[in-house]
Amino acid sequence: MEIIERKVEFTTPWFQLVSKRVAGESAPYYALAMQDYVSVVAFTEQDQLLVVRQYRPAVERHTLELPSGHVEKNETPEKSARRELAEECGFEARELELLGKLISDTGRNENRLWCYLAREVAPIPAGYVPESAVETILVPRGKIAEVLNHADFDHALHLGALLLAVARHGPQLLALK
C-alpha cells in the first residue's frame, strides 16, 4: 500500500486532521497529526514514584498520571521530559534513560510517545512555582501496585511506559511480585 495524497483538512492549536488517499482505495483515510509526547517514570532519592493528579477536561475528571507533556518545537524529547518533570513536579533528574518510543494509536494518531526512566530525582533547589492545578503525589515503592490498580490511574500510554520500565529492569523496579 502507498499513500498517494496527503492533505490537512482542519487545524487546531492541539492537532491537525489529515486526510490520506491510499492507492487503490476510493475513500480517504483520516489521521490526527499531533506533537510528540513524553512520559517520565521518576523515582526520588527516597525511593518514591512521582505521580501527578490533575483535572482532564477530555475525560471530565481528575486522573493520576506520570509526569508528562508535549515535545515542544525546538526541543529534543529528553529536554521536554526534563522540562515536564520540573514544571509539573519541581524535580530534576541527573540522568534520563530512554526506555523506548511508542505510537499512541496506530489506527488514528501520527505522534510518538517517548518514555523515560529517571532514578534519584531531586527537588529543584529554589524558585519552583507549582504548575496550576497539578498536584504531585509521592508514592512509596511498596505502594505502587495500589496506585496502578486505582481507577484514576488509567492512562494507557503511562501504563505502557511503566511496562517498558518493567520489561527493561524487571518487576522489582516497581516492587511488583
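Position 1 is the first residue of the sequence; numbering continues from there. When reading the values below, keep in mind they use all heavy atoms of this one structure, side chains included, and skip hydrogens, waters and symmetry mates.
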Check: V8 and F10 side chains under 4.5 Å, non-hydrogen atoms: no
4.5 Å side-chain heavy-atom contact, V139 and F153: no
Linked, directly or transitively: L64 and Y55 (ILVMFWY side chains, under 4.5 Å): no
Partner of K20 under salt bridge (Lys or Arg N to Asp or Glu O under 4.0 Å), chosen from E5, E110, E25: E110
Where S26 and R21 come nearest, the two heavy atoms and their spacing: O-NH1, 2.6 Å
Spatial distance of atom CG (D47) from atom CG (L138) [nearest 0.5 Å]: 11.5 Å
Distance, nearest 0.5 Å, that separates CG of L96 from SG of C115: 12.0 Å
Of all pairs that satisfy salt bridge (Lys or Arg N to Asp or Glu O under 4.0 Å), the ones with a partner from residues 142-162, not counting sequence neighbours: R61-D152, R61-D154, K143-E146
Contact summary for E88 and P67, nearest pair of heavy atoms: OE1-CA, 3.2 Å
Non-neighbouring partners of R53 that pass side-chain hydrogen bond (donor to acceptor under 3.5 Å, both in side chains), sequence neighbours left out: none
ILVMFWY cluster, V41 and V166 together (side-chain gap under 4.5 Å): yes
All pairs passing side-chain hydrogen bond (donor to acceptor under 3.5 Å, both in side chains) where residues 75-85 contributes a residue, at least two apart: E75-S80, E75-R83, E78-R82, R83-E87
Qualifying residues under salt bridge (charged side-chain N to carboxylate O under 4.0 Å, His left out), relative to R112, sequence neighbours excluded: none
Side-chain touch Y37/S68, heavy atoms, less than 4.5 angstrom: yes
Any donor-acceptor N/O pair, Q35 side chain to V71 backbone, under 3.5 Å: yes
Co-membership, hydrophobic cluster, residues L173 and L159, 4.5 Å side-chain: yes
Heavy-atom side-chain proximity of L66 to V52 below 4.5 angstrom: no
Residues which pass side-chain hydrogen bond (donor to acceptor under 3.5 Å, both in side chains) with E2, listed by chain and number, not counting sequence neighbours: none
F15: partners by ring pair (Phe, Tyr, Trp, His ring centres under 6.0 Å), with sequence neighbours left out: none
Ring pair (Phe, Tyr, Trp, His ring centres under 6.0 Å) partners of H169, counting only residues at least two apart: none
Minimum side-chain heavy-atom gap D36-W114 below 4.5 Å: yes
side-chain hydrogen bond (donor to acceptor under 3.5 Å, both in side chains) involving H150 - partner list, sequence neighbours excluded: none
Pairwise side-chain hydrogen bond (donor to acceptor under 3.5 Å, both in side chains) hits with a residue in residues 130-139, at least two apart: none
Exceeds 12 heavy-atom contacts within 6.0 angstrom, atom CD of Q46: yes
Residues which pass side chain to side chain contact (heavy atoms under 4.5 Å, CB included) with S104, listed by chain and number, not counting sequence neighbours: N109, N111, L157
Candidates L164, L162, L99, L98 - the one meeting side chain to side chain contact (heavy atoms under 4.5 Å, CB included) with L117: L99
Same cluster (ILVMFWY, side-chain, under 4.5 Å), I3 and L17: no
Verdict with supporting geometry, S39 and Y116, side chain to side chain donor-acceptor pair (under 3.5 Å): CA-CA 6 Å; S39 186; Y116 289 92; over 6 Å; no
Beyond-backbone contact of L85 with E92, side-chain heavy atoms, under 4.5 angstrom: no
From CD1 (I144) to CZ (F43), nearest 0.5 Å: 4.0 Å
Same apolar cluster (I L V M F W Y, side chains within < 4.5 Å links), L148/L50: no
Shortest non-hydrogen contact from S19 toward Y30: CB-CE2, 3.5 Å
Pairing residues for R94 by the side chain to side chain contact (heavy atoms under 4.5 Å, CB included) criterion, not counting sequence neighbours: E45, E120
Contacts of Q48 that satisfy side-chain hydrogen bond (donor to acceptor under 3.5 Å, both in side chains) - sequence neighbours left out: T44
